[in-house]
2 protein chains.
Amino acid sequence: MNNYSKQREAILDVMKQNLIHPTAEEIYYLVLEKEPQISKSTVYRNINILVELGEIKKLNMTLGPDRYDYLYKDHSHAICEKCGNIFDFYDDFNKNEISKKLLKQIGNNMDINSITIYGICEDCKSNNKNKEE
Amino acid sequence: MNNYSKQREAILDVMKQNLIHPTAEEIYYLVLEKEPQISKSTVYRNINILVELGEIKKLNMTLGPDRYDYLYKDHSHAICEKCGNIFDFYDDFNKNEISKKLLKQIGNNMDINSITIYGICEDCKSNNKNKEE
DNA sequence: TTTAAATTAGGAATGATTCCTAATTTCGAC
DNA sequence: GTCGAAATTAGGAATCATTCCTAATTTAAA
């Protein structure tokens, strides 16, 4: 793994230019515009390679297929389990006090790659107030 | 949704007695022992209902199919992205300072259901030191 | 009871992802 | 540059996980 290919390059470009947390399928259609002959299996294979190389990040979703994010520094996510919206936030987990406390609680000196918060966002909370079922 | 059924009861019992973060498939085989005629679709359907009712929690995995956990109070997870191990830790996110700070960073007053930490555990870190590829 | 709604088993269908294969591309050694 | 080994590709088949469909059964409220 790790020879140059214009297909892999095109996928990484798409990720850099679309900071919208696309699914693998969405990445495929975005890449198609520049590489009309690319196959879905190539997209899936390269997404996995890019994740392994640490160039992009996989977001494990509660709802629907997983999503991907071009990895920039100190970037974590909060995901609404009702509507699926993803909120970005920024934090250097290798420096700050929050992660020190979390690490102490875990009792295992992990390298923290990211923190994901799962919850219900403001919008979904207020929409819910009017509902009864 | 919400009539009594012995199948749903059996699934919840399995979850209460097996705090091992099983996959849906594993839950199916565990329930089979008590309900030998239960079908897989019944297991999947009831798992989803129990998640919706808040009786069990879905863990979004980086590796492999999702896993489930019998929900007890103030319980969150750290997942190793290399070996898939799940570490439990305990924290009431609706009370403590950590979640207050996280909420401020998100900029959206979410109800936090849980926090999941993704990283590399101690074991995988030390195993890696000897590897080069 | 009676009846409507919920639930079931079982299998078909779907959706997402990985695997397979033969052809092509990359790249380092000469 | 040329060669050959290793990596990569397109395309489709296969697999895996999950949901959907249907007719029969069970539940629960009137």
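Labels below follow one simple rule: chain letters A, B, ... track the order of the sequence lines, proteins then strands, and each chain is numbered from 1.
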Can a salt bridge be assigned to the pair B:Lys58 and A:Glu81 using a cut-off of 4.0 Å between side-chain N and carboxylate O?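 No, B:Lys58 and A:Glu81 are not salt-bridged.
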Summarise how protein sits on nucleotides 2-16 of chain D as a single string, 5' to 3': B when a protein heavy atom is under 4.0 Å from the base, S for sugar-phosphate-only contact, - for no contact. -----SSBBBB----
Rounded to whole angstroms, how far apart are [atom1] on [X] and [atom2] on [N]?
X	N	atom1	atom2	value
A:Arg67	C:dA16	CZ	P	11 Å
A:Ile27	C:dT17	CD1	C1'	13 Å
A:Leu50	C:dT17	CG	C1'	16 Å
B:Tyr29	D:dA17	OH	P	10 Å
A:Glu25	C:dT14	CD	C1'	13 Å
A:Asp66	D:dA17	CG	P	14 Å
A:Glu26	C:dA16	CD	P	10 Å
B:Ile47	D:dA17	CD1	P	13 Å

N or O in side chain of A:Tyr44 less than 4.0 angstrom from C:dT17 OP1/OP2: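 A:Tyr44 to C:dT17 OP1/OP2: side-chain N or O found under 4.0 Å.
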Tell me if a side-chain donor or acceptor on B:Asn108 pairs with a main-chain N or O of A:Glu122 at a distance below 3.5 Å.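 Between the backbone of A:Glu122 and the side chain of B:Asn108 there is a qualifying donor-acceptor contact (under 3.5 Å).
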Sub-3.5 Å donor-acceptor pair from the side chain of B:Lys125 to the main-chain atoms of A:Asn109, do we have one?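 It does hold such a pair.
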Please work out whether the ring planes of B:His21 and B:His77 are parallel, tilted or perpendicular, with thresholds of 30° and 60°.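 Rings of B:His21 and B:His77: perpendicular, as their planes differ by over 60°.
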Of A:Thr62, A:Asp66, A:Asn60, which is the lone residue that meets side chain to side chain donor-acceptor pair (under 3.5 Å) with B:Asn60?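 For B:Asn60, the side chain to side chain donor-acceptor pair (under 3.5 Å) check succeeds only for A:Thr62.
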Look at atom CD of A:Glu52 and say whether more than 12 heavy atoms of other residues, nucleotides or ligands are closer to it than 6.0 Å.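 Open: at most 12 neighbouring heavy atoms sit under 6.0 Å from CD of A:Glu52.
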Please tell me if the side chains of B:Leu53 and B:Asn2 come closer than 4.5 Å, counting only heavy atoms from C-beta onward.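 The answer is yes, as the side chains (C-beta and beyond) meet within the 4.5 Å cut-off.
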Let me check the geometry of the helix from C:dT1-D:dA30 to C:dC30-D:dG1. What is the bend angle between the axes at its two ends, five pairs each, to 10°?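 Axis-to-axis angle, ends of the helix: 40°.
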Against A:Ile56, only a single residue in A:Ile47, A:Asn48, A:Ile49 fulfils side-chain contact (heavy atoms from CB on, under 4.5 Å); can you say which?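 Exactly one candidate clears the test, A:Ile47.
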In Å, rounded to the nearest 0.5 Å, how long is the span from OG1 of B:Thr116 to CD1 of A:Ile117?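 Output value for this atom pair is 10.0 Å.
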